[in-house]
Structures are given as C-alpha cells and as structure tokens.
Amino acid sequence: MPPTDASADTSGSTPSTGGGVEDTLELRLPDELAALFEQDRQPGSRAPVEQSSPGAAPGEGPGGKRPDHAPFPGEDLLDALSDWGAVPTPIGSFQLVPVLIERDLRLISRWMNDPAVAAFWELAGPESVTEAHLGSQLAGDGRSVPCLGVLDGVPTGYFEIYRADLDPLARHYPARPHDTGIHLLIGGVADRGRGVGTILLRAAADHVLDHRPRCGRVVAEPDLRNTPSVSAFLSAGFRFSAEVDLPDKRAALMVRDRALGKVL
C-alpha cells in the first residue's frame, strides 16, 4: 500500500495491531460494507475515463460535461469526489483532481523518484512502477481514488483519498463505517518545510468532511520515522491515536474527528 506525508511524504499501508489502539468503540460493519470489504479486488470492467479538455472543469468531458458512461472512480463509495470543486486556503485555491494516467504519469513518477519521497512510498523506478500503482486503483471499485492536489491551477502534490473502513487498514484499528483515509506527498522540494503540506492537508481533510456527511473522521497512518509528516498531521488538526505495526512499517495512527474539526 501507499504512504501519507505532507512535507516529504508518506503513509498509507496495511497495519497490524501494535500498542494500544485508540479509545473508541469497535463498531461492527454493516453487512453491505462487510460484503464490499470481502469482494474480489481484481480489476473490473470499469468504463474508460474520458480525458478532460483544457477548458473543461476537472471531471468533465471535452464539451464541459462529464459523459454519463464514463464515471470517475469514487462516484459511489466516495460521494462523487470528482465533483467536489475547489476550496480557498491561505495560500490559494485548492482542488483534488482525479488522476488521468495519460496526463499525469510523468509528473507523479518524477515525484516518486525524489529520494525524500522514495524512502517512504517505495515507488521509485521507471514510469511503469508508478503506472501500475495508479492503475490498480483506477481499475478498482472506487474505494481509493488517486488525485493531484492542485493549488491555483498548479499540481502541488499527490493525494490518495480512500475508504479506510473498506481497506485492509480496517483490520488493524477499530474502524467505523465511512472512515476516510488520506495518503499524500508534496511534490515540489521548495514547498516542503514551509507549512504548505499542513495547509493542504487541513484543506483536504475539511473537503472530505464537507462532502462526505456520513464520514465522522478522517484517518492516516504515516511512518513513525517520517517526523515532518507526523508533525504536519498534528498541525492540520489530527490527533495521535496509537502506534500500529503495519506489514511494511510502524505507523502513527492519526485521526481528525469531525466533532473536533473546529477546535484543533
């Protein structure tokens, strides 16, 4: 799985139980969610996603309207993420734009080959490595959507918005229905260490909570070694919940509660 960061980057993964897991009630997943969780994750027969024209809004076809036969991933499981639009931040207008491999592969692969990013995402190498990672999500059922984080029209980072309650991560913490996870990296070296990651992380978490009314909290699991990432989550209103042992790392389980969103 991926990572979660904000200055260099990292998180996302598949945990195992470690330490004391957070002080929440472990709720039983509804039958329909449990069925989704267990269903086969092999690539399905999703209709191809149509490229956007330069003048069209993200998620729209060449004429400015998204064709009915070509939905973006996440239309159902993530409440039509492609239609969430832009939100203001102290440093510009921010938007999550679902990835189009033909358009975005070269940029994202370049970011993945930055040593500071590769240390945690482990996707360095030829473009085919990143393409396989993106393609597995785009060919799935929409429980994880890879996105560009676009600031004032400029791609600034890579985000994965995913249903944590339907992810293998849910086996390793007391998941609640509609928990939503974030993995991210900030692409530009010049944007790291300046608080950009914290601002965009807060904006992305707010975006999730504003557009997913059934989601009570946003979660993340950055690598404990990635101090800048953990710090960015704390500054963005997440709280440290527990340490968890994942198959590929020891992670900090970070939680952004809807109820505390205006306080932290």
Side-chain angles (χ1 to χ4, degrees), residues 1-27 29 89-90 94 116-117 119-122 144 149 157-186 191-210 212 215-264:
M1 289 188 63
T4 316
D5 173 23
S7 33
D9 134 30
T10 151
S11 166
S13 186
T14 310
S16 27
T17 314
V21 177
E22 76 164 350
D23 53 346
T24 56
L25 293 176
E26 182 165 5
L27 303 183
L29 287 178
T89 77
F94 174 74
V117 172
F120 297 103
W121 282 77
E122 300 181 348
S144 180
Y158 172 71
F159 288 71
E160 290 172 356
I161 309 300
Y162 67 100
R163 283 286 297 270
D165 60 327
L166 302 180
D167 188 83
L169 173 63
R171 301 169 185 162
H172 307 288
Y173 83 105
R176 296 178 182 176
H178 293 282
D179 276 359
T180 304
I182 294 180
H183 301 142
L184 78 110
L185 67 87
I186 297 302
D191 290 324
R192 300 175 192 162
R194 299 173 47 237
V196 173
T198 293
I199 292 172
L200 299 190
L201 183 52
R202 181 181 288 274
D206 286 344
H207 222 22
V208 169
L209 294 172
D210 288 345
R212 302 209 65 236
C215 171
R217 56 190 188 166
V218 180
V219 302
E221 5 78 54
D223 193 306
L224 274 173
R225 299 169 299 162
N226 194 337
T227 305
S229 179
V230 175
S231 176
F233 278 99
L234 291 171
S235 298
F238 286 72
R239 60 181 173 84
F240 174 80
S241 174
E243 292 186 14
V244 289
D245 287 317
L246 313 187
D248 56 351
K249 67 186 180 186
R250 186 160 180 81
L253 180 65
M254 311 298 294
V255 178
R256 172 79 184 276
D257 299 281
R258 177 185 293 278
L260 300 178
K262 304 303 181 183
V263 178
L264 297 177

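Quick note: numbers below take in every heavy atom, side chains included, and nothing from hydrogens, waters or symmetry partners.
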- Message: Minimum heavy-atom separation for Thr198 and Ala232, please, with both atom names.
- Response: OG1-CA, 3.5 Å
- Item | Partner of His183 under ring-ring contact (aromatic ring centres under 6.0 Å, His included), chosen from Tyr162, Tyr158, Phe233, Phe120 | Tyr162
- Qualifying residue, where the test is salt bridge (charged side-chain N to carboxylate O under 4.0 Å, His left out) with Asp179 and the options are Arg217, Arg163, Arg256: Arg217
- Item | CD on Glu221 to CG on Asp167, rounded to 0.5 Å | 7.5 Å
- Taking every heavy atom of Ala203 against every heavy atom of Phe94, the minimum-distance pair comes out as CB-CD2, 3.9 Å
- Message: If you define the side chain from C-beta out and look only at heavy atoms, does anything of Asp206 sit under 4.5 Å from Arg202?
- Response: yes
- Could you give the distance from CD (Glu243) to CZ (Arg250), rounded to the nearest 0.5 Å? 4.5 Å
- Which pairs count as salt bridge (Lys or Arg N to Asp or Glu O under 4.0 Å) when at least one residue sits in residues 226-235, sequence neighbours excluded? none
- Measure across Ile182 and Ala220 and return the closest heavy-atom pair with its distance rounded to 0.1 Å. O-CB, 3.7 Å
- Task: With rounding to the nearest 0.5 Å, note down the distance linking CG in Asp248 to CG in Asp223.
- Result: 8.0 Å
- Heavy atoms of Asp165 and Arg176 approach each other most closely as CB-O, 3.4 Å
- Message: When you measure from the side chain of Ser231 to the backbone of Thr227, do you find a donor-acceptor pair of N or O atoms at a distance under 3.5 Å?
- Response: no
- Query: Is any side-chain heavy atom of His207 closer than 4.5 Å to a side-chain heavy atom of Val218?
  - Reply: no
- For Pro222 and Ser229, which heavy atoms make the closest approach, and how far apart are they? CB-OG, 3.4 Å
- Task: Say whether, by atom type as modelled, one donor and one acceptor occur between the side chain of Ser241 and the main chain of Arg239 under 3.5 angstrom.
- Result: no
- Taking all non-hydrogen atoms of both residues into account, name the closest pair between Ala251 and Leu224 and its distance. C-CG, 3.8 Å
- Straight-line distance of Leu234 CG to Leu201 CG, nearest 0.5 Å: 10.0 Å
